[in-house]
Amino acid sequence: IRLMTRNTWIFENINLDHWKFFVKEVEIFLRSHPQYVRNFNFDINLLTGSEIIILLKADLNYLYEIDFNNKKFSRLDFQDMIKYFANINLAMEKLNFEQLDNFQIRTLILNTKAKYINELDLTKLNALDWLAILEEHPKLINHCPIEIFETGDYFNLVKLVCILPELYPLIEKNRDNISALGWEKLILRDYQLYEDICQWHKLREGNWKAILNKRPFLRQYKQI
């Protein structure tokens, strides 16, 4: 395989039926010479999820030939399908979206925006997933259940409002739950917006050091 990858003359002059290569064995060869994928005559009925991906990377026409209904895909296989074929409609239509976990759903949305969002189980997404999505596609906020940011780690709420400042009222509503680090981040982000509602008494020396380094004029609040 190494020899024929370097020199296709060797590939063209060996009996493929004699060697009976497995798909995974020739992955590196196909990466360099995808035009020869059909020469191997693989049995597509016996392919694993990872083998399907190898063949699709060489020739997308396998999408029309492989029956995906009886194929098992591992978590890594799903991730690779999304990674390599997120923008190929037919490839995504072959996936069973119900089997995707939160990371895979997040990755798919990051790559395709709202294209499949109504077909995905968004309840699997956690606050960190939504932060990653909204940082790239803030207009998808309408699909995000804001309540997941109003429980647990409220620093995630701070991060959300830093991405979408128009959600400022959420900080005012949950101000008692914002930590010292959260207030530090908000003040450094937009002190004019938050100085009137900031719970200055929560800030510790480390927080003040970071704030005064960039906003020395806020020292007046240190005694509050």
Side-chain angles (χ1 to χ4, degrees), residues 1-126 128-140 143:
I1 293 172
R2 290 182 180 178
L3 289 172
M4 68 187 194
T5 300
R6 294 181 179 181
N7 189 337
T8 56
W9 180 90
I10 296 174
F11 170 76
E12 293 166 355
N13 286 276
I14 63 174
N15 185 340
L16 294 180
D17 291 331
H18 171 73
W19 290 97
K20 295 182 180 178
F21 292 111
F22 293 103
V23 175
K24 289 186 178 181
E25 287 181 319
V26 295
E27 180 178 7
I28 294 176
F29 174 80
L30 292 176
R31 197 180 302 163
S32 301
H33 309 288
Q35 69 273 23
Y36 292 114
V37 65
R38 297 288 177 168
N39 293 62
F40 289 99
N41 196 29
F42 296 117
D43 187 344
I44 61 175
N45 295 312
L46 301 177
L47 298 174
T48 64
S50 59
E51 289 174 330
I52 289 173
I53 293 168
I54 292 171
L55 295 187
L56 289 177
K57 288 166 70 176
D59 186 349
L60 281 172
N61 286 310
Y62 279 108
L63 285 171
Y64 300 99
E65 303 167 34
I66 297 173
D67 181 5
F68 282 72
N69 292 324
N70 61 356
K71 302 299 182 185
K72 291 185 178 181
F73 284 80
S74 68
R75 185 175 187 273
L76 183 58
D77 294 335
F78 277 123
Q79 289 176 201
D80 283 344
M81 280 291 290
I82 294 169
K83 176 182 177 180
Y84 295 112
F85 311 113
N87 294 313
I88 308 298
N89 292 344
L90 184 58
M92 293 299 97
E93 290 170 5
K94 297 289 186 179
L95 294 183
N96 183 347
F97 288 160
E98 293 181 1
Q99 295 179 356
L100 301 184
D101 63 21
N102 67 305
F103 181 79
Q104 294 156 353
I105 292 172
R106 161 181 166 177
T107 303
L108 182 57
I109 294 174
L110 284 172
N111 281 277
T112 61
K113 299 182 183 179
K115 188 172 184 178
Y116 302 104
I117 206 162
N118 292 325
E119 303 172 48
L120 300 170
D121 184 358
L122 301 182
T123 62
K124 293 181 180 180
L125 298 176
N126 57 43
L128 294 179
D129 294 321
W130 276 112
L131 285 173
I133 292 169
L134 295 173
E135 192 167 18
E136 292 292 322
H137 308 300
K139 291 184 179 180
L140 295 182
H143 296 278

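By convention here, the first residue in the shown sequence is residue 1.
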Apply side-chain contact (heavy atoms from CB on, under 4.5 Å) to residues Leu128 and Asn102 and explain how you reach the verdict. CA-CA 10 Å; Leu128 294 179; Asn102 67 305; over 6 Å; no
Of the non-hydrogen atoms in Lys124 and Gln99, which two are nearest, and what is the gap between them? NZ-C, 4.4 Å
Quick check: are there more than 12 heavy atoms from other residues, nucleotides or ligands sitting under 6.0 Å from NZ of Lys113? no
Taking the six-membered ring where the residue is Trp, are the ring centres of Phe11 and Phe40 under 6.0 Å apart? yes
Contacts of type ring pair (Phe, Tyr, Trp, His ring centres under 6.0 Å), residue Phe97, not counting sequence neighbours: Tyr116
Mind checking whether Lys24 and Ile54 have side chains closer than 4.5 Å, heavy atoms only? yes
Show the numbers, then the answer: is there a side-chain contact (heavy atoms from CB on, under 4.5 Å) between Leu63 and Lys94? CA-CA 8 Å; Leu63 285 171; Lys94 297 289 186 179; 4.2 Å; yes
Can you list everything that forms a salt bridge (charged side-chain N to carboxylate O under 4.0 Å, His left out) with Glu65? Sequence neighbours excluded, please. Arg38
Is it the case that the side chain of Lys71 and the backbone of Asn45 share a donor-acceptor pair, with hydrogens and angles ignored and the cut-off at 3.5 Å? yes
Would one find more than 12 heavy atoms of other residues, nucleotides or ligands at under 6.0 Å from atom NZ of Lys20? no
Taken to the nearest 0.5 Å, the spacing of Leu47 CG from Asp67 CG works out to 11.0 Å
d(Leu3 CG, Trp9 CH2) to nearest 0.5 Å is 11.5 Å
Tell me which donor-acceptor pairs under 3.5 Å the side chains of residues 28-36 have, and how far apart each pair is, sequence neighbours excluded?
from  : atom 1 : to    : atom 2 : distance (Å)
His33 : NE2    : Thr5  : O      : 2.8
Tyr36 : OH     : Glu12 : OE2    : 2.7

Which residues satisfy the salt bridge (charged side-chain N to carboxylate O under 4.0 Å, His left out) test with Glu51, sequence neighbours excluded? none
Once you round to the nearest 0.5 Å, how far does CD1 of Ile1 lie from CZ of Phe21? 5.0 Å
Should we count CZ of Phe22 as having more than 12 external heavy atoms under 6.0 Å? no
Heavy-atom pair with the smallest gap, counting every atom of Ile82 and Leu95: CG1-CD1, 4.3 Å
Smallest heavy-atom separation, Leu140 atom then Leu134 atom, equals C-CD2, 3.8 Å
Interatomic distance, CE@Met4 vs CG@Asn13, rounded to 0.5 Å, equals 12.5 Å
Before you tell me yes or no, could you show the steps for Met81 and Phe73 under side-chain contact (heavy atoms from CB on, under 4.5 Å), namely the whole-Å CA-CA distance, both residues' side-chain angles and the distance that decides it to 0.1 Å? CA-CA 10 Å; Met81 280 291 290; Phe73 284 80; 4.0 Å; yes
What are the two closest heavy atoms between Val37 and Phe42, and how far apart are they? O-CE1, 4.3 Å
Distance (rounded to the nearest 0.5 Å) between Leu125 CG and Phe103 CZ: 12.0 Å
Taking everything shown except Glu135 itself, do over 12 heavy atoms lie less than 6.0 Å from its CD? no
Could I get the full list of salt bridge (charged side-chain N to carboxylate O under 4.0 Å, His left out) partners for Asp101, not counting sequence neighbours? Arg75
Contacts of Asp129 that satisfy salt bridge (charged side-chain N to carboxylate O under 4.0 Å, His left out) - sequence neighbours left out: Arg106
To the nearest 0.5 Å, what is the distance between CD1 (Ile109) and CG (Leu122)? 5.5 Å
